[in-house]
Q: 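Let me give you the structure first, and then I'll get to my questions.
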There are 2 protein chains.
Amino acid sequence: MATKRTNGEDDTVTTADRLASPLDELLGYRLRRASMAMIGDLVATLRPFGLSVGEVSLLILVGANPGCRQSDVGRALEIKRANLTPLVGRLKTRGLVIDAPIDGRSLSLTLTDAGRALRDDILDRVIASDRKYRKRLTLDERALLAALETLAR
Amino acid sequence: MATKRTNGEDDTVTTADRLASPLDELLGYRLRRASMAMIGDLVATLRPFGLSVGEVSLLILVGANPGCRQSDVGRALEIKRANLTPLVGRLKTRGLVIDAPIDGRSLSLTLTDAGRALRDDILDRVIASDRKYRKRLTLDERALLAALETLAR
DNA sequence: TATTGTTATACTCTATAACTATA
DNA sequence: TATAGTTATAGAGTATAACAATA
């Protein structure tokens, strides 16, 4: 009976207390939990605006890059073009984004005045949500962001 | 024309180069990107086994807590009981998990011999995938895990 | 020939509501 | 009355394939 103890007790019948969780030792699992927590707060922040996280990402990215190509936005956000079409469509319907042909096949995206105004408002709140979590950090913010970028390849 | 420059250039028409991304300054966005990258690798690792990330989380958690209540597993993994039922069902169908009544309404979950064997194999690979990313880290692993736990509340 | 945008479609995850039964 | 498990269902988000138009 091999009985290696690291964290997850095996062959011990669990009765009532808290569960042993070998998952907590995994960077990927912790990363996912932290990410889910922050996204949950973000979703709640965005609910009153009737905008999804994806739509707001698009709003912010196009706002920072007026006239950018739709295909470049998709690549930057890692959203496939088949999924980007309806996402852009909803923002166009709401009068937040306008597109214009670049050449015969590419589209440029730009925020409307209403889009910029909403972007300004929402970006403030997104940053406020983000800051709430940053404040809990004990370790250096810049070092953490750099490490996370490294992990994302 | 308010022109505050932090990272995201506004009112500058983007032509060709790389996009300005105010999102990169957000902890939540970086966290999500890093998490997605690691999950992508994990999914590829698990593909040959025909198991999802959720199924493997369940396999590992039940493996570390034989006889645990299904409801406790759901709470630990933050999976709603309505979604846990088919997840457990698939592992039972594959002969990896068995359940037994605790009282008239609760179920205990335990891995079968086959379940433990598969868990051992898969856990090794999951840890190997995780370690691949840990190795890239410049900052202290323990400090990072602790910080991530703090963020997850 | 590769790229862009679109449409249609399928698959996974997650969320809610309703139900049974048990504590 | 609250909890546990189940079922059915709806909604996101994401993935692929096929197509037309263009570079």
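Below, each value reflects all heavy atoms present in this structure, side chains not excepted, and no hydrogens, waters or symmetry copies. Please read these numbers as outputs of a predicted model, since none were measured by experiment. Numbers restart at 1 for each chain; the letters A, B, ... are given by sequence-line order, proteins then strands.
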Q: Below 4.0 angstrom from OP1 or OP2 of C:dT6, is there any side-chain N or O of A:R81?
A: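 Negative; the distance criterion is not met.
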
Q: Using side chain to side chain contact (heavy atoms under 4.5 Å, CB included), reason through B:L151 and B:L31 one step at a time and then give a plain yes or no.
A: CA-CA 10 Å; B:L151 293 176; B:L31 223 37; 4.0 Å; yes

Q: Give the minimum heavy-atom separation between A:F49 and A:R94, together with the two atoms involved.
A: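 Looks like O-NH2, 2.9 Å.
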
Q: To the nearest angstrom, how far is A:L51 atom CG from D:dG13 atom P?
A: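 Nearest whole value for this atom pair: 11 Å.
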
Q: Please confirm whether the shortest side-chain N or O distance from A:R75 to OP1 or OP2 of C:dT4 is below 4.0 Å.
A: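 Answer is yes, contact under 4.0 Å.
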
Q: Return the 5'-most residue of the pair B:A82, B:V53 with respect to DNA chain C, ranking by each residue's nearest nucleotide.
A: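 Its nucleotide being nearer the 5' end, the pick is B:V53.
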
Q: Figure out the CG/C1' separation between B:L42 and C:dC13, and round it to whole Å.
A: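 The distance from CG of B:L42 to C1' of C:dC13 comes to 16 Å, rounded to the nearest Å.
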
Q: Let me know the distance between CD of A:Q70 and C1' of C:dT7, rounded to the nearest Å.
A: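 From A:Q70 CD to C:dT7 C1': 14 Å.
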
Q: Linking I/L/V/M/F/W/Y whenever their side-chain heavy atoms sit closer than 4.5 Å, directly or via other members, would A:I127 and A:L46 fall into one cluster?
A: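 Linked, A:I127 and A:L46 end up in one cluster.
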
Q: Would you kindly give the CD1-to-P distance between B:I39 and D:dA15, to the nearest whole Å?
A: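 Spelled out: CD1 on B:I39 to P on D:dA15 is 12 Å.
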
Q: Let me know the distance between CG of A:L77 and P of D:dA15, rounded to the nearest Å.
A: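 Taking CG of A:L77 and P of D:dA15, I get 14 Å after rounding.
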
Q: If you take any heavy atom closer than 4.0 Å to DNA chain D, which residues from residues 83-111 of chain B end up in contact?
A: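 The stretch gives B:T85, B:R105, B:S106, B:L107 as the residues lying under 4.0 Å from the strand, ordered by number.
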
Q: Given D:dA4, D:dA15, D:dA18, which nucleotide is nearest the side-chain atoms of A:K80?
A: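 The closest nucleotide is D:dA15.
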
Q: Minimum heavy-atom separation for A:I39 to B:R32, with atom names?
A: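 For A:I39 versus B:R32, the nearest heavy atoms are CD1-CD, 3.5 Å.
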
Q: Whole Å only: how far is the CZ atom of B:R69 from the P atom of D:dG5?
A: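 Between P of D:dG5 and CZ of B:R69: 7 Å.
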
Q: Between the side chains of A:D120 and A:R116, is the shortest nitrogen-to-carboxylate-oxygen separation below 4.0 Å, so that they form an ion pair?
A: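 Salt bridge absent between A:R116 and A:D120.
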
Q: State yes or no: do B:M38 and B:I122 share one hydrophobic cluster built from I, L, V, M, F, W and Y residues joined by side-chain heavy-atom distances below 4.5 Å, directly or via other members?
A: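 Result: no, two separate clusters.
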
Q: Quick check on side chain to side chain contact (heavy atoms under 4.5 Å, CB included): which of B:L77, B:L123, B:V126 does A:L23 satisfy it with?
A: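 In the set B:L77, B:L123, B:V126, the residue that makes a side chain to side chain contact (heavy atoms under 4.5 Å, CB included) with A:L23 is B:L77.
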
Q: Using whole Å, what does the distance between atom P of nucleotide C:dA15 and atom CD1 of B:I79 come to?
A: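 Rounded to the whole Å, the gap is 11 Å.
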
